[in-house]
Chemist: 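Here it is: the structure, laid out below.
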There are 2 protein chains.
Amino acid sequence: MPTEKETEQKIFDAAQKVFQRSGFKGARMQEIADEAGINKSMLHYYYRNKDTLFSTVFQSAAKKIMPRVFGILASESSLREKVVQVVEFYHNAFRENPELPSFVIYEMNHHPQQFKDFIGSMEMHLPETFIEQVEEAVESEELRTITPDQFLMNVVSLCMMPMLARNMVQALFHLTDEEYFSFLDERRQLIPNLIFNGLAL
Amino acid sequence: MPTEKETEQKIFDAAQKVFQRSGFKGARMQEIADEAGINKSMLHYYYRNKDTLFSTVFQSAAKKIMPRVFGILASESSLREKVVQVVEFYHNAFRENPELPSFVIYEMNHHPQQFKDFIGSMEMHLPETFIEQVEEAVESEELRTITPDQFLMNVVSLCMMPMLARNMVQALFHLTDEEYFSFLDERRQLIPNLIFNGLAL
DNA sequence: AAATAGTCCAACTAAATGGTTGAACTATTT
DNA sequence: AAATAGTTCAACCATTTAGTTGGACTATTT
């Protein structure tokens, strides 16, 4: 006999799977119910309607990524260590949940207001310690002139893009799944290296 | 009195707009007809069904980007010039059509087979001259060890990611539309610089 | 044990949506 | 000018889909 929490959890898990696979518009309530192995009206009992269910899933997904990255940036590590940790985090998270980045980016673009409200509701600012680290490194001429925003944008871009464009990468470079993951693994070292040292010798 | 070609073109333009705005599942045939200012059954007369119409639009969109980039990579320019040109191309193309990258990446992930067929049908290989340039630069120790694939992946990532994640960038860094485009413009110089020289001084 | 609150579902409804039809209208060919 | 081919659309149809309802069944409270 499943308890309330178990059923709710089953619905949530199923919804996450289906929404990530098919997107908000593509997902069918019946499909989610089937995936959860329960009757469709249970979805409405626990989550009222499709929007509410989606919101819950989306916010949970976003929370899996952004606060973790900000956590790393707020830590006591050196700038270089932080970059390494962020790169590792993205790559490990992708292994566990390959559809997550694609899902968040796409739905964010299609529910802009909902996304802004969500961002506003959590207080997301670039950690001060990170900003200071970049600014100090620039001032002391350890680094070329760059803003913390652009710095972070570079790291995130180099990590996420190959994950978002998985199909294109595999098709263009003719990679099997295995080769694709090797390709990604190479980047764990390549990215911090590129960020700080570039390619020129 | 509109000719056949004009009506077909109006449908195509409208479909492009609506599919890019709402995605395949989100787009409504009626919405496309309204956008084109014609009756819904015209869509079926010219494009048979939703899938055909979508396919046409999607392939046209993909053709706007990839062959152009490959064209630059196949040219006679130096490696550094090619990077600059690719970066410029992406940023200019985005100004003209800000929804295009997002559209192609998302739908590519949701119609993988269709996308593979499409890639296969055009013969898309990395241009030999580009591959040789990277390999020679590595061999002659002008560049750190890197494969042409990873090299290209870096450039494309640094360009496209901030475009795909526009909402996130604007929300997180608190940028107006104008500030966002300045942020992108900064990257035209920043990216080639990063690719070759990194940040270390 | 009776009453109450919580959990579950089969069957239903209303609305939306992709697609079809048949006829009217226009341009072109003979 | 008559016939033919091409173009347009209002009305319709079949299916899908989110959401509702009423009742059964279970656990908890009194």
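From a predicted model like this one, the values you see are computed outputs, not experimental measurements.
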Chemist: Which of parallel (below 30°), tilted (30 to 60°) and perpendicular (above 60°) describes F118(A) and F58(A)?
Modeler: perpendicular
Chemist: Please compare K25(A) and M42(A) by the position of their nearest nucleotide in DNA chain C and report the one closer to 5'.
Modeler: M42(A)
Chemist: What is the distance, rounded to the nearest whole Å, between atom CD1 of I32(B) and atom P of dC9(D)?
Modeler: 16 Å
Chemist: Tell me whether the centres of the aromatic rings in F54(A) and H111(A) are closer together than 6.0 Å.
Modeler: yes
Chemist: What is the separation between atom CG on L43(B) and atom P on dT7(D), rounded to the nearest whole Å?
Modeler: 15 Å
Chemist: Given atom CG of D34(B) and atom P of dG18(C), what is their separation to the nearest angstrom?
Modeler: 12 Å
Chemist: What nucleic acid atoms does A27(B) come within less than 4.0 Å of, heavy atoms only: base, sugar-phosphate, or nothing?
Modeler: sugar-phosphate
Chemist: Could you please name the option among dG19(C), dG6(C), dT17(C) that lies closest to any side-chain atom of Y45(A)?
Modeler: dG6(C)
Chemist: Under 4.0 Å between a side-chain N or O of R28(B) and OP1 or OP2 of dG18(C)?
Modeler: yes
Chemist: State whether D13(A) and K10(A) are salt-bridged, where the test is any N-O pair (Lys NZ or Arg NE/NH1/NH2 against Asp/Glu carboxylate O) under 4.0 Å.
Modeler: no
Chemist: Taking pairing as Watson-Crick or G-U wobble with both contacts under 3.5 Å, can you name the mate of dT4(C), or confirm there isn't one?
Modeler: dA27(D)
Chemist: Any side-chain N or O of S41(B) below 4.0 angstrom from OP1/OP2 of dT8(D)?
Modeler: no
Chemist: Measuring only between side-chain heavy atoms, which start at C-beta, is L164(A) closer than 4.5 Å to Y106(A)?
Modeler: no
Chemist: Considering only dA18(D), dA10(C), dC9(D), which nucleotide approaches the side chain of N39(B) most closely?
Modeler: dC9(D)
Chemist: So which nucleotide from dG18(C), dC9(D), dC8(C) ends up closest to the side chain of Y46(A)?
Modeler: dC8(C)
Chemist: D51(A) has an atom CG; how far is it from atom P of dT17(D), in whole Å?
Modeler: 17 Å
Chemist: Quick one: pull up CD in E179(B) and OG1 in T176(B) and give me the separation to the nearest 0.5 Å.
Modeler: 3.5 Å
Chemist: Which whole-number value in Å describes the distance from N49(B) CG to dT15(D) P?
Modeler: 17 Å
Chemist: Could one point to a donor on the side chain of K40(A) or the base of dG19(D) with an acceptor on the other under 3.5 Å away?
Modeler: yes
Chemist: Between K50(B) (NZ) and dA16(C) (C1'), how many Å, whole number?
Modeler: 12 Å
Chemist: May I have the distance from L53(A) (atom CG) to dT17(D) (atom P), rounded to whole angstrom?
Modeler: 16 Å
Chemist: Rounded to whole angstrom units, what separation is found between the NE2 atom of H44(A) and the P atom of dA18(D)?
Modeler: 8 Å
Chemist: From the set dG19(C), dA18(D), dC9(C), return the single nucleotide nearest to any side-chain atom of I38(A).
Modeler: dC9(C)
